[in-house]
Structures are given as C-alpha cells and as structure tokens.
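Just so it is clear, the structure is predicted and the values come from calculations on it, not from any experiment.
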Amino acid sequence: MRRITLLSSVLISIFLLTSCRNVDEKDSSSSDSLVSTQEVSSISQHSSSKETAAVSTTSTSETRESVVDTSNLSADQMKQWVAAIWRKRTNVDLLQDSKYEIILETKEDQLLYARVEAADVQIDTLDVFRVNSDGFLEEAGYYLSQPDQDWIVVSKKYLDTSMVERKAPAEETSQQGGPSDHERAEMVRTTMQQNQGFDENVLAAIPDEEILAANAGNATNSQIAQTADNLLKKYPELQQP
C-alpha cells in the first residue's frame, strides 16, 4: 500500500512539473509575440512619418512655385527670378555679389523690366530681362548674341532654370567681368548692320571706342535708332545708297 501511495505521489509531481513548464513556454511565446508586434508597429509608424515628411517637403516646394503670379511679381520676386538665371548660367549670384545690381522698371507697355548693371564701374548694361504678357521671363536677344531676336523666353515657370544652359568656363569669365570692349563693339556693329542696313565695311573700319561712344543702348528700338543717328552724324557713308 505504501508503494502505491509513493508511486502516486511521484506521478503527480511529474504531472505538475510538466504543466508548469508548458505554462512558462506559453507565457514566453506570448511575450515574444507582443514585443515583435510592438517593433513592427514602431517601424511602420517611423516609415509613415518619413513618407509624410517627404510628401510635405515636395508639396511645400511645388506650392512655393505654383502660387506665384508671374504677371504680378513683387520687386523681390523679380530680382530672385533674374538672379536664378544668372546663377545657373554663370555661377554668379547677383543678389550677393556687390559688383552687380538689378534695376527694375515698368515701361509704357506695362511690362516689368530688369536691367543688370555693374555697380562700381561705368559700363554698358550687362543684361536685360522682362516678364511678357504670358508671365514668361524673357531676355534681350542682344545679350545672348542673337541681336536679330528682340526677346527670347528663358523661363516659363517662376524660378525654373531648365531652359538655361550653363556657359563654358571661358564665356563665364567674360560674363563675370562683363563683355570686353571689342565684344560689345561687335554686337553694336551687328545690330547696326542687321537693323539699320549700315555698310559692313564702314562699320568694321570705325574704332571700337567710337562705336561704344555712339552706343545709346540696345534694349529698345528707340535706343538702337539713337545709336544709328549718333554714328551717321560722324560717318554718313554708313548709309548705303
């Protein structure tokens, strides 16, 4: 009888130990599952935050450009747009470099114009821009070595410079210091020949300094006409029979 009682006690002990072990394993498994779920949730939230931030940044950038009414720009907005073109083309920041200044003017055609001038030396205007009736930024063809074209669209969207090509190093150096006297004189000669029909050989014989002295500007037809008059007073033979 004692043996039976002893054997029963041993069996009960084994059963209890086995049951406790199964409970511990279940608790451990539940704990691991909970931790794993929390980690996945944390990673998901972090990823979601990053995506939201990225979307927000892109949206802000697009909004800044899309909300600007290019047909009604403030002075600062116009200068920023012109400066963006120069920055892309020549790596010169017109708003930070004290050697340059941007002068704005609304003309009789009710369009906003911007002239790029040298701030500390007396030389001809370095560049001229305007916003046309479509809200596009245009640059005077004269300054792009295309005097036969009055205006050339260089940007159709505020601060967009995708239509602008970066100048080669040699051209960039010339732009930063302004065109040389000979380059500016050649541009005047080309304009006088193409727009006024002046004799090419006579123009070539006139010294650069006299060509430049006669130059009244090139941004408008009236300025070009004034330059022609100045040259004709001294060189009437320019006008071909």
Participant: Is the count of non-hydrogen atoms from other residues, nucleotides or ligands lying under 6.0 Å from Q194 atom CD greater than 12?
Facilitator: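 Correct, the count exceeds 12.
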Participant: Are any of the side-chain heavy atoms of Q80 and L159 separated by less than 4.5 Å?
Facilitator: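 Side-chain contact under 4.5 Å: yes.
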Participant: Consider only side-chain heavy atoms of I, L, V, M, F, W and Y, link residues closer than 4.5 Å, and tell whether V131 and L95 are in one cluster.
Facilitator: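 They do share one cluster, since a chain of ILVMFWY contacts under 4.5 Å joins V131 to L95.
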Participant: Atom CZ in R115, atom CD1 in I103: separation rounded to 0.5 Å?
Facilitator: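 That separation rounds to 4.5 Å.
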Participant: Would S71 and D69 count as having a side-chain donor-acceptor pair, cut-off 3.5 Å?
Facilitator: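 Present: a donor and an acceptor within the cut-off.
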Participant: Quick one: closest heavy-atom pair of A114 and I102, and the distance?
Facilitator: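 In this case the closest contact between A114 and I102 is CB-CG2, 4.0 Å.
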Participant: Measuring from L231:CG to L203:CG, what's the distance to the nearest 0.5 Å?
Facilitator: 7.0 Å
Participant: Is the closest side-chain heavy-atom distance between K107 and L111 below 4.5 Å?
Facilitator: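 No, their side chains stay 4.5 Å or more apart.
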Participant: Report yes or no: does Y143 contribute a side-chain atom to a donor-acceptor pair with the main-chain N or O of F129 at less than 3.5 Å?
Facilitator: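 Not a single qualifying donor-acceptor pair exists.
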Participant: Do L104 and L137 sit in one hydrophobic cluster, given that two such residues count as connected whenever their side-chain heavy atoms are within less than 4.5 Å of each other, even indirectly?
Facilitator: yes
Participant: Do D181 and R184 meet the salt-bridge criterion of a basic N to acidic O distance under 4.0 Å?
Facilitator: yes
Participant: Under the side-chain contact (heavy atoms from CB on, under 4.5 Å) rule, what do E117 and T125 come out as? Steps first, then yes or no, please.
Facilitator: CA-CA 5 Å; E117 304 279 2; T125 297; 2.8 Å; yes
Participant: Could you grab the distance from atom NE2 of H182 to atom CG of D208, nearest 0.5 Å is fine?
Facilitator: 6.0 Å
Participant: Consider only side-chain heavy atoms of I, L, V, M, F, W and Y, link residues closer than 4.5 Å, and tell whether V128 and L212 are in one cluster.
Facilitator: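 Shared cluster, no.
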Participant: Flag the pair E139 and R89 as a salt bridge only when some basic side-chain nitrogen lies within less than 4.0 angstrom of an acidic carboxylate oxygen.
Facilitator: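 Looking at E139 and R89, the cut-off is met.
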Participant: Test salt bridge (Lys or Arg N to Asp or Glu O under 4.0 Å) on D229 and K234 and set out the steps.
Facilitator: CA-CA 9 Å; D229 288 341; K234 193 169 185 179; over 6 Å; no
Participant: Please name the pair of heavy atoms, one in A119 and one in S98, separated by the smallest distance, quoted to 0.1 Å.
Facilitator: CB-O, 3.4 Å
Participant: So T70 and K157, do their side chains get closer than 4.5 Å, heavy atoms only?
Facilitator: no
Participant: Hey, what do you get for CD (Q77) to CG (N72), rounding to the nearest 0.5 Å?
Facilitator: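 If I round to the nearest 0.5 Å, the distance is 8.5 Å.
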Participant: When you compare the side chain of Y142 with that of T191, does any pair of heavy atoms fall below 4.5 Å?
Facilitator: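 They are in contact (side-chain heavy atoms under 4.5 Å apart), so the answer is yes.
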Participant: Write down the atom of I85, the atom of S155, and the distance for their closest heavy-atom approach.
Facilitator: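 Closest heavy-atom pair between I85 and S155: CD1-CB, 4.1 Å.
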Participant: Can you tell which of T161, D127, D97 makes a side-chain hydrogen bond (donor to acceptor under 3.5 Å, both in side chains) with W86?
Facilitator: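 For W86, the side-chain hydrogen bond (donor to acceptor under 3.5 Å, both in side chains) check succeeds only for D127.
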Participant: Between the side chain of T227 and the main-chain N/O of N215, is any donor-acceptor distance below 3.5 Å?
Facilitator: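 No; zero donor-acceptor contacts below 3.5 Å.
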Participant: Assess, by modelled atom type and distance only, whether the side chains of E138 and N132 contain a donor and an acceptor separated by less than 3.5 Å.
Facilitator: yes
Participant: With the threshold set at 4.0 Å, does a side-chain nitrogen-carboxylate oxygen contact exist between D160 and K88?
Facilitator: no
Participant: Picking from V82, V92, D93, what satisfies side chain to side chain contact (heavy atoms under 4.5 Å, CB included) with R87?
Facilitator: D93
Participant: Among side-chain atoms of Q149 and Q146, is any donor-acceptor pair under 3.5 angstrom?
Facilitator: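 Per modelled atom types, Q149 and Q146 side chains form a pair under 3.5 Å.
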Participant: Looking at every heavy atom in both P207 and R189, which two are closest together, and how far apart are they?
Facilitator: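 Closest heavy-atom pair between P207 and R189: C-NH2, 3.8 Å.
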Participant: Around E209, counting heavy atoms of other residues, nucleotides and ligands shown, do more than 12 lie under 6.0 Å from its CD?
Facilitator: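 Yes, the 6.0 Å shell around CD holds more than 12 heavy atoms from other groups.
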Participant: Working to the nearest 0.5 Å, report the span between CZ of F136 and NZ of K156.
Facilitator: 5.0 Å
Participant: How long is the straight-line distance from CD of Q193 back to CG of L238, given to the nearest 0.5 Å?
Facilitator: 11.0 Å
Participant: Which pair of non-hydrogen atoms, one from W81 and one from G135, has the smallest distance, and what is that distance?
Facilitator: CH2-O, 3.4 Å
Participant: To check you understand the geometry: which heavy-atom pair defines the closest contact between E101 and A118, and what is its length?
Facilitator: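 Minimum heavy-atom contact is OE2-O, 4.4 Å.
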